[in-house]
2 protein chains.
Amino acid sequence: MANLTIRQLRYFEALATHGHFGRAAEACAVTQPALSVQIKELEQDLGTKLFERGARQVRLTGFGEEFSLRVRDILHRVDELGDMARASHDKMVGRLRLGVIPTIAPYLLPRIIANLSQSHQELDVHVRETLTPRLVQELTEGRLDAAIVALPISDPAFTEVALFTENMVLVRSDADAGTPVPDKEALREMRLLLLEEGHCFRDQALSFCNIPSSLPQEGLDGSSLSTLVQMVGAGIGVTLIPEMAVPVETRSASVCVGHFRNPQPTRTVGMIWRRTSPLADHLQQVADIVQQSANDLRAEENI
Amino acid sequence: MANLTIRQLRYFEALATHGHFGRAAEACAVTQPALSVQIKELEQDLGTKLFERGARQVRLTGFGEEFSLRVRDILHRVDELGDMARASHDKMVGRLRLGVIPTIAPYLLPRIIANLSQSHQELDVHVRETLTPRLVQELTEGRLDAAIVALPISDPAFTEVALFTENMVLVRSDADAGTPVPDKEALREMRLLLLEEGHCFRDQALSFCNIPSSLPQEGLDGSSLSTLVQMVGAGIGVTLIPEMAVPVETRSASVCVGHFRNPQPTRTVGMIWRRTSPLADHLQQVADIVQQSANDLRAEENI
DNA sequence: ATTTGCCATAAGAAAAAATTATCGAGCAGA
DNA sequence: TCTGCTCGATAATTTTTTCTTATGGCAAAT
């Protein structure tokens with residue numbers, strides 16, 4: 001009934017083209033009875049004769065003729081399945097859904113995209129920029145393939161790969177240039193501008209200053225590092241930003257950048273993906289490229 | 001490698017839609033390990049993971065997603081094969097390639113076509129009108145499904161079914177009306193108009209007169225019965241035609257028809273097809289309809 | 001009439017796929 | 001943190017399918 005097999009269809013096609021059981025069988029690398037039986041069962045399943053067995057030759061019936069057109073089409077499509085799989089073996093193909101947190105995306109993404117599309121021509125990269133908790137959720141739900149976040153995440157469901165560790169730097173008004181960089185105790189006395197709640201970078205900044213993140217601030221949170229820097233430039237206060245953001249964010253603002261020393265605050269950026277993801281191998285490649293992208297960026301800055 | 005089975009594709013589709021091995025297996029009416037193994041082998045054959053087995057759910061990978069689109073399409077087409085076969089089970093469907101000799105076609109074909117297309121709605125009938133030897137050849141080569149000819153053909157490769165026997169009648173000029181119908185000896189002295197060589201009806205006429213068919217005639221052969229009758233109407237001679245042709249051919253010509261007696265010349269018309277034809281059952285039905293058509297025609301003439 | 005080519009069939013062997021039973025990993029509720 | 005539970009993977013065995021080899025029979029060709 002619905003028990004057609006691809007094998008039967010292959011035998012059928014061979015017999016249709018060769019018009020000869022023996023040769024068709026040979027073409028299929030089986031013996032003639034094997035092919036005979038399968039053709040017979042195919043005809044039985046269909047309830048219709050496909051071939052007319054004359055003494056001299058084997059010919060398709062009218063129905064068989066129509067049948068063969070469809071069978072050829074089907075076999076072709078089946079073969080394509082294999083091709084498709086083979087094509088996507090090593091090179092990562094298709095879509096890569098990548099999440100990135102907002103304090104990384106603007107600075108690193110352009111480089112990542114450039115490098116990725118160079119090394120993985122066929123890959124179309126979807127980027128989602130949002131806060132860590134949402135990235136984690138979407139990753140869990142399978143709506144993302146990987147995410148670039150600040151470590152640690154410590155979710156046992158994820159593989160976590162550290163990519164790089166970068167310093168957090170102080171952004172002050174131009175007016176403060178030359179004055180010594182405050183230590184973290186002094187920092188606590190200053191007006192520290194922070195990202196809105198939910199940004200991990202906010203928590204990292206607070207943590208560096210030993211300020212509990214639950215403590216309410218003065219209500220001057222910015223929605224982006226860019227906003228914070230602008231506010232600093234306006235003389236409203238100081239802020240911390242990741243080193244990576246320096247070239248972009250301090251270019252057009254009248255601010256100066258100061259490095260802390262001993263201990264310097266840092267954040268570690270990494271990539272995470274579901275441990276069960278079958279893309280694991282590929283994702284490690286992607287992680288390497290992201291790491292390379294960060295290195296590129298850093299090298300560029302230090303020119 | 002190229003060992004994909006339809007079964008695997010069916011299991012795959014079930015798992016893709018259910019997202020759950022147990023339920024997919026149930027839907028396929030097999031146990032869960034059976035499905036598990038087949039999916040595993042499918043993935044192995046392809047060399048790619050199709051599903052991501054999370055603890056909580058089973059999800060298609062990006063590749064699996066693309067794969068499933070194609071698989072659904074393929075399975076649909078495979079199912080159509082079955083439908084197609086089922087649809088053509090009893091009712092004869094598709095094309096019927098029917099050969100007919102020229103001394104039958106003009107008289108019987110309209111009726112046959114009418115009756116056939118009434119009883120076999122879905123059948124599109126291709127008609128080929130030519131001389132017996134060519135019909136036999138095309139039948140042998142599988143380029144025709146059946147032929148309506150004068151019997152006997154006596155080819156062991158063919159099934160031969162007699163349909164009806166009809167008289168051959170004399171066509172004379174109107175002027176001869178009322179004079180007795182000549183017997184075959186007298187006929188030999190008259191100017192007998194015949195079809196061109198190759199027509200079996202020519203040979204049958206000659207045979208009735210005991211004239212060897214090898215004997216050259218006076219070069220007045222007609223290419224059709226219609227021509228012969230017109231010639232008779234012009235007073236050139238007499239001719240024989242099958243009774244079936246009388247209403248059509250003698251309607252507009254100034255000729256009269258005479259029946260021989262004792263023995264009347266006759267020809268037997270029948271249908272032939274390759275004994276190996278899988279349409280045998282259907283062709284017997286067609287033969288019945290052809291026979292009925294001849295009866296219809298005869299009844300109509302005798303009104 | 002005999003031989004030959006070719007497909008069908010039968011019987012036994014090999015391969016594939018199913019079943020039952022069991023394991024172990026990840027969640028969830030206690 | 002443990003414990004029970006769900007669910008998929010795996011193992012061992014049986015059943016089913018599909019081969020191969022051997023052989024038969026029919027029709028065409030010599």
Side-chain angles (χ1 to χ4, degrees), chain A residues 1-12 14-16 18-45 49-61 64 140-142 155-159 274-278, chain B residues 1-12 14-16 18-45 49-61 64 140-141 154-159 274-278:
Chain A
M1 307 309 167
N3 305 11
L4 301 195
T5 68
I6 288 180
R7 187 178 318 212
Q8 286 173 338
L9 298 187
R10 290 219 136 92
Y11 290 0
F12 167 82
L15 184 53
H18 287 94
H20 185 288
F21 278 75
R23 280 188 281 281
E26 189 183 16
C28 296
V30 293
T31 56
Q32 168 262 316
L35 192 132
S36 277
V37 168
Q38 289 300 320
I39 294 293
K40 183 185 170 187
E41 290 191 350
L42 177 58
E43 289 179 327
Q44 241 157 25
D45 282 354
K49 282 266 176 289
L50 293 168
F51 293 96
E52 181 181 334
R53 288 110 162 125
R56 187 114 304 269
Q57 57 186 323
V58 176
R59 234 198 321 273
L60 281 171
T61 63
T140 303
E141 291 168 356
D155 185 323
F158 296 155
T159 295
R274 288 183 301 281
R275 191 175 315 148
T276 57
S277 173
Chain B
M1 307 308 170
N3 306 9
L4 301 196
T5 67
I6 288 180
R7 188 177 319 210
Q8 286 173 338
L9 298 186
R10 291 218 135 91
Y11 290 0
F12 167 82
L15 183 54
H18 288 93
H20 185 288
F21 278 76
R23 280 188 280 282
E26 190 182 16
C28 295
V30 294
T31 56
Q32 170 261 315
L35 192 132
S36 276
V37 168
Q38 289 301 318
I39 294 292
K40 184 185 169 187
E41 291 191 348
L42 177 58
E43 289 179 326
Q44 241 157 25
D45 281 354
K49 282 266 175 288
L50 293 168
F51 294 96
E52 182 180 334
R53 287 104 162 132
R56 187 113 306 267
Q57 58 184 325
V58 176
R59 235 195 322 272
L60 280 171
T61 63
T140 304
E141 291 168 355
S154 302
D155 186 322
F158 296 154
T159 296
R274 288 182 302 280
R275 190 175 311 153
T276 56
S277 173

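First the proteins, then the strands, lettered A, B, ... as listed; each starts at 1.
One can place CG of B:Leu35 at 10 Å from P of C:dT19, the figure rounded to the nearest angstrom. A:Leu4 has its CG atom 14 Å from the P atom of D:dT17, to the nearest Å. Atom C1' of nucleotide C:dG26 and atom CG of A:Asp155 are separated by 13 Å, given to the nearest angstrom. Between A:Glu52 atom CD and C:dC6 atom P the separation is 17 Å, expressed in whole Å. Taking atom CZ of A:Arg10 as the reference point, atom C1' of D:dC19 lies 18 Å away to the nearest angstrom. For the pair A:Ile39 CD1 and C:dT9 P, the interatomic distance rounds to 14 Å; values are reported in whole Å.
In this structure B:Phe158 satisfies the ring pair (Phe, Tyr, Trp, His ring centres under 6.0 Å) test with no other residue, sequence neighbours excluded. Residues meeting the side chain to side chain donor-acceptor pair (under 3.5 Å) test with B:Ser36, sequence neighbours left out: B:Gln32. Not counting sequence neighbours, the partners of B:Glu52 by the side chain to side chain donor-acceptor pair (under 3.5 Å) test are A:Arg274, A:Thr276. The side chain to side chain donor-acceptor pair (under 3.5 Å) search around A:Ser277 returns none, not counting sequence neighbours. For A:Tyr11, the ring pair (Phe, Tyr, Trp, His ring centres under 6.0 Å) test picks out no residue, with sequence neighbours left out. In terms of the salt bridge (charged side-chain N to carboxylate O under 4.0 Å, His left out) criterion, B:Arg7 has no residue partners (sequence neighbours excluded). For B:Glu141, the salt bridge (charged side-chain N to carboxylate O under 4.0 Å, His left out) test picks out B:Arg143, with sequence neighbours left out. For A:Arg59, there are no side chain to side chain donor-acceptor pair (under 3.5 Å) partners at least two apart in sequence or on another chain.
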Might you list the N or O atoms of the protein lying below 3.5 Å from N or O atoms in nucleotides 11-17 of chain C, with each pair's distance?
| unit_1 | atom_1 | unit_2 | atom_2 | d |
| --- | --- | --- | --- | --- |
| C:dA17 | O3' | B:Arg7 | NH1 | 3.0 |

With a cut-off of 3.5 Å and sequence neighbours excluded, list every side-chain donor-acceptor pair involving residues 19-28 of chain A.
| unit_1 | atom_1 | unit_2 | atom_2 | d |
| --- | --- | --- | --- | --- |
| A:His20 | ND1 | A:Gly22 | N | 3.1 |
| A:His20 | ND1 | A:Arg23 | N | 3.0 |

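Distances shown here put every side-chain N or O of A:Thr31 at or beyond 4.0 Å from the OP1 or OP2 atom of D:dC19.
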Completion exercise
5' to 3', nucleotides 3-14 of chain D under a 4.0 Å protein heavy-atom cut-off (B base, S sugar-phosphate only, - none) gives ----SBBB----
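Note that the CG atom of A:Leu35 and the CG atom of A:Leu42 stand 10.5 Å from one another [nearest 0.5 Å].
The shortest side-chain heavy-atom distance between B:Leu15 and B:Gln38 does not fall under the 4.5 Å cut-off.
Each end of the helix from C:dA1-D:dT30 to C:dA30-D:dT1 gets its own axis, taken as the rotation carrying the C1' atoms of four end pairs onto the next four within a five-pair window, and the two axes meet at 20° to the nearest 10 degrees.
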